[in-house]
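Read the structure below first, then the notes.
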Amino acid sequence: MRVFVAGASGAIGAQLVPQLLEAGHEVTGTFKSPRKAERLHALGAQPVRLDLLDPRAVRKAIVEAEADAVVHQATALAEVRFSRNLDRSFAETNRLRREGTDALLSAAREAGVRRFVAQSYASMRYAREGGPVKTEDDPLDVRPVADMTETFEAMRYLDDAVVAAGGIALRYGNFYGAPNDGLLETVRKRQFPIVGDGGGVASFIHLHDAAAATVLALEHDGPGIYNIVDDDPAPVREWLPVLAEALGAKPPRHFPAWLARLFAGELAVMLGTESRGASNAKAKRELGWTLRYPSWRQGFFDVYAKATPPQAPRTPVPART
Ligand SMILES: NC(=O)c1ccc[n+]([C@@H]2O[C@H](COP(=O)([O-])OP(=O)(O)OC[C@H]3O[C@@H](n4cnc5c(N)ncnc54)[C@H](OP(=O)(O)O)[C@@H]3O)[C@@H](O)[C@H]2O)c1
């Protein structure tokens, strides 16, 4: 297929473009920042500079690429300074998830594109009730923390629009696998504490495995929603000390919830104590997906350190399938 990847010059694009080529597809990849064309060229994609918030340019690019399939991986978080107000940090990304998705879907429809796959997000989106690990059929959190309402709405908008158009929304876990992953500096500087009992659950995914699932999703009939996460959803009190150790950082600090609320806001308390993780059973079953990095416990060490992980006994979070 001729695959048009919007946002190909980013973290997942670097893994996705080579895997698409290896699967026998031709790739047109878009970038926004100057000087990224070379990088895409080196990966083997046909580079096209594109702002997804310009619908006419999106239409022109997709028509000219004669695309059979479109993958939406555009987000605007690379330069963002994350604050306690997630909606502020995600403002541009939320526009890409609403207006960018609309522009791509409308252009794809007009150009007769057969397959559409888009980046969505799984970790922390599911309702904070019941078990710690959620499937795609479980309800999403309809009462998110105030400073992340628009971000949650934008992700829901993308999921609904893509599925309504017959496409596939991939709810990825927290990405890791690139040397500049978002979390690293805060963990190195001990600015990411364990809050309260540290029971908030997160799901991670290595960029290689996220890209592999994306290639499989393109070859699969929609509509559908899939959690693309590893086998090991885990509470902060488990994954954060392991990440710190893999980075050679000091162990994380512990903050009581009231103190975290005061200094970092409600979002930090929610993530640290209430967030739910996601199950990948559907993606494995329906897409035939297998993971190279089934758990962050090994993956963090493979990516960030030469050391080997400790062989401490683990207390797994029971997964719902
Ligand atoms: N993805 C998430 O939901 C998420 C959530 C939390 C944290 N993070 C962290 O954020 C960092 C990476 O940032 P990222 O996820 O935004 O990915 P990224 O690696 O920067 O890739 C985003 C892609 O979208 C493109 N893009 C940006 N604005 C665009 C626009 N207006 N129109 C078209 N394309 C546009 C970028 O182009 P250029 O490369 O040319 O700019 C790039 O190709 C990582 O550290 C990651 O861990 C990501």
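What you see is a predicted model; the values in this text were computed from it and never measured. In each ligand, atom 1 is the first atom listed, and ligand 1 is the first ligand listed.
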Run through ligand 1 for me and note each protein residue having a heavy atom under 4.0 Å from it, chain first, then residue number.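 Ligand 1 is contacted, at a heavy-atom distance under 4.0 Å, by G7, A8, S9, G10, A11, F31, K32, S33, K36, L50, D51, L52, Q73, A74, T75, A76, L77, A78, F82, F90, L96, R97, Q119, N180, D181, G182.
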Can you tell which of L40, L43, T30, V17 makes a side chain to side chain contact (heavy atoms under 4.5 Å, CB included) with S9?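 Testing S9 for a side chain to side chain contact (heavy atoms under 4.5 Å, CB included) against L40, L43, T30, V17 leaves exactly one candidate, L40.
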Set of side-chain contact (heavy atoms from CB on, under 4.5 Å) partners for A118, sequence neighbours left out: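 A118 satisfies side-chain contact (heavy atoms from CB on, under 4.5 Å) with H72, F116, L158, V162 once adjacent residues are dropped.
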Is the NZ or CZ atom of R98 both under 6.0 Å from the centre of the six-membered ring of Y157 and within 45° of that ring's axis?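 R98 over Y157 ring: yes.
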May I ask you to list the residues sharing a hydrophobic cluster with I225, side-chain cutoff 4.5 Å, ordered by chain and number?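 For the cluster that includes I225, the remaining residues are V163.
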Taking ring pair (Phe, Tyr, Trp, His ring centres under 6.0 Å) as the test, write out the residues that go with Y126, two or more places apart.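 For Y126, no residue satisfies ring pair (Phe, Tyr, Trp, His ring centres under 6.0 Å) once neighbours in sequence are set aside.
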Atom pair CZ/CD1 of R253 and I194 - distance to nearest 0.5 Å: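 With rounding to 0.5 Å, CZ (R253) is 12.0 Å from CD1 (I194).
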